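First the structure, in the form of structure tokens, and then the observations on it.
Only a predicted model underlies this, so the values are computations on that prediction, with no experimental measurement involved. This chain uses plain numbering: 1 for the first residue, then up along the sequence.
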Amino acid sequence: MVSTYYGDKVFTGINWLTNTSIICEDRIIKNIIPGNEIGNDKAIRYPIIAPAFIDVQIYGASSKLFSVFPSADTLELMYHHCVNGGTSHFLPTIATNTSEILKQGIDAIRSYWDNNGKGVIGLHIEGPWINKVKRGAHVEHLIHHPDLEEARSILEYGKDVIKIITLAPEVCATPVIDLIKSYNIIISAGHSNATYSEAMQAFDGGIKASTHLFNAMTPLHHREPGFAAATLMHPNVMSSIVPDGIHVDFDMVRLAKNLMGERLFIITDAVTETNEGPYMHERVGDKYESNGILSGSALTMAKGVKNLVEKCQISLEEALKMASLYPAKAIGLNKNLGKIEKGFGASLVMLNEDADVLFCI
């Protein structure tokens, strides 16, 4: 099926085009041409078209936390929630949990894919191989140091499904880190009590990402720069950040952006109301808490983009990159997603003049 979309302005992920039509077929961008006349027809018109957003850390939606309801039905609910917020692709995430729950999540993703489910890139596992000191809302008794046998068991079971593992490098032995890398899984350092020098050593050793900058890590300090400073300073490390003004003050987002440039991207870190399982998330204003501890955001990616522009003095085009091109790069999908380019996936978000989401594919 061929569909054509016309934008008064089109942000390709690199630059702006005006009065441009995008021709899509079988979810691939087939052509990009000037004007709105396609044969005898006119394309659907939108004020702004941009690459759809990519959220690499979201735990659930519509009162269905994925770790509590690890099923294809939950993933379908999450997909529709994401699309409403301008997000075409996402990584369902499971926080520190049992190996049984992790395997159920892996099974659910495979089932979802087998039934032609859309949008799910793979699984993001956050914990249980993290530091208890920086656990945040993670369940303490499930946190532990992994051995090779446990790691290999999870990695084999989740082969081609697990995309990211967030871990604390100081609690994982080098052979475990090397084993994870051998499965082509992205290691993101987070929930870590590492010092600046320990973090830099981990980054020099090949860990290329950091999870939700400033949260659950040793902070900036003028005598001990900490894990946060290592993330800011290391030239090869990308990091996610939660731009809700609660997880991170907007001025700190702006500081991080000024220092990191293209290495910084946004996530929602979004959870949902939950009254089952170990994570009883309760909405409190514009955030969620579990047992009185900040446990997740109420963001959509679209709201995150608007916050970057309105609260952090970041240009719209750069905010759009932080929600699409840069996360695509972080997870190794920037050859197919994050840009409007011939041959790329037809993942588009249509916006009005105020950057509110009108439609997303």
Side-chain angles (χ1 to χ4, degrees), residues 1 26-27 52-128 137-139 142 154 156-166 185 267-283 288-290 295-304 327 331 333 337 345-349 357 359-361:
M1 179 179 176
D26 297 328
R27 301 190 66 80
F53 309 141
I54 302 168
D55 188 359
V56 305
Q57 193 162 341
I58 179 171
Y59 302 87
S62 304
S63 299
K64 295 288 186 179
L65 195 71
F66 185 54
S67 62
V68 176
F69 302 98
S71 70
D73 289 343
T74 299
L75 295 171
E76 185 72 16
L77 284 173
M78 292 176 70
Y79 172 70
H80 289 293
H81 167 84
C82 286
V83 166
N84 288 337
T87 298
S88 64
H89 291 81
F90 65 99
L91 280 171
T93 306
I94 297 178
T96 294
N97 226 302
T98 64
S99 60
E100 289 76 17
I101 292 296
L102 295 178
K103 289 177 179 179
Q104 288 175 31
I106 291 163
D107 291 342
I109 291 173
R110 286 203 175 101
S111 174
Y112 184 72
W113 285 343
D114 287 344
N115 288 281
N116 299 313
K118 299 176 182 178
V120 173
I121 301 167
L123 179 66
H124 182 165
I125 297 174
E126 187 189 27
H138 286 234
V139 177
L142 294 174
I154 292 295
E156 276 297 313
Y157 198 90
K159 189 180 291 186
D160 302 322
V161 173
I162 301 170
K163 188 72 176 179
I164 299 178
I165 295 177
T166 290
I185 291 168
I267 54 172
T268 64
D269 196 45
V271 298
T272 187
E273 296 88 355
T274 316
N275 54 18
E276 297 181 47
Y279 295 99
M280 310 285 273
H281 298 294
E282 177 186 7
R283 184 154 183 171
Y288 285 89
E289 295 180 355
S290 181
S295 60
S297 87
L299 270 182
T300 63
M301 290 291 281
K303 178 61 175 173
I331 59 176
L333 293 179
L337 297 173
S347 299
L348 311 174
V349 62
V357 173
F359 184 58
C360 178
I361 61 168

Treating N115 as the side-chain partner and G117 as the backbone partner, does any N or O pair qualify as donor plus acceptor under 3.5 Å?
no

For V161, the side-chain contact (heavy atoms from CB on, under 4.5 Å) test, sequence neighbours excluded, returns I106, I109, R110, W113, L123

Please answer whether the main-chain N or O of S63 pairs with a side-chain N or O of T272 as donor and acceptor at a distance below 3.5 Å.
yes

Going through the checks in order, is the side chain to side chain contact (heavy atoms under 4.5 Å, CB included) test met by I54 and T87?
CA-CA 6 Å; I54 302 168; T87 298; 5.7 Å; no

Could you tell me whether the side chains of Y112 and D73 share a donor-acceptor contact shorter than 3.5 Å?
no

Let me know which of T96, I94, V68 forms a side-chain contact (heavy atoms from CB on, under 4.5 Å) with I101.
I94

Distance col, row H81:NE2 vs I58:CD1, nearest 0.5 angstrom, shows 4.5 Å

State the CD1-OG distance between I361 and S88, to the nearest 0.5 angstrom.
8.5 Å

Could you tell me which residues satisfy salt bridge (Lys or Arg N to Asp or Glu O under 4.0 Å) with E289, sequence neighbours excluded, listed by chain and number?
K287

Return the set of residues passing side-chain contact (heavy atoms from CB on, under 4.5 Å) with K163 (not counting sequence neighbours), or none when no residue passes.
L91, I121, I186, I331, L333

Roughly how far, to the nearest 0.5 Å, is NZ of K159 from CD1 of I154?
14.0 Å

Does D55 reach the main-chain N or O of I267 with its side chain, forming a donor-acceptor pair under 3.5 Å?
no

CG-OH distance between D269 and Y59, expressed to the nearest 0.5 angstrom:
4.5 Å

Does any part of the side chain of L102, heavy atoms only, come nearer than 4.5 Å to the side chain of I125, both counted from C-beta?
yes

Looking at every heavy atom in both A72 and S111, which two are closest together, and how far apart are they?
CB-OG, 4.0 Å

Can you tell me if H281 uses its side chain to pair, donor with acceptor, with the backbone of T274 under 3.5 Å?
no

Looking at T74 and F69, would you say the former's side chain and the latter's main chain have a donor-acceptor pair under 3.5 Å?
yes

Going by the rule ring-ring contact (aromatic ring centres under 6.0 Å, His included), which residues pair with H138 if we only count those two or more places apart in sequence or in a different chain?
H191

Look only at the side chain of S295 and the backbone of Y288, and say whether a donor-acceptor pair between them is shorter than 3.5 Å.
yes

As an exercise, state the distance from CD1 of I165 to NE2 of H124, rounded to the nearest 0.5 Å.
9.0 Å

Just how far is it from atom CZ of F66 to atom CG of L77, taken to the nearest 0.5 Å?
12.0 Å

Taking only residues two or more places apart in sequence, or in another chain, which ones meet K103 in a salt bridge (Lys or Arg N to Asp or Glu O under 4.0 Å)?
none

For the student: nearest non-hydrogen atoms of V120 and P92, plus distance:
CG1-CD, 3.8 Å

Give the minimum heavy-atom separation between G60 and M78, together with the two atoms involved.
N-CE, 3.7 Å

With side chains defined as the heavy atoms from C-beta onward, is the minimum distance between F53 and V349 less than 4.5 Å?
yes

Say whether, by atom type as modelled, one donor and one acceptor occur between the side chain of S297 and the main chain of L299 under 3.5 angstrom.
yes

Is it the case that more than 12 heavy atoms not belonging to N84 sit under 6.0 Å from its CG atom?
yes

By side chain to side chain donor-acceptor pair (under 3.5 Å) - contacts of K118 (at least two apart):
none

Return yes if a side-chain donor-acceptor contact under 3.5 Å exists between Y279 and N97, otherwise no.
no

Other residues, nucleotides, ligands: >12 heavy atoms within 6.0 Å of E282 CD
no

How about D107 and Y157: do any of their side-chain heavy atoms sit closer than 4.5 Å?
yes

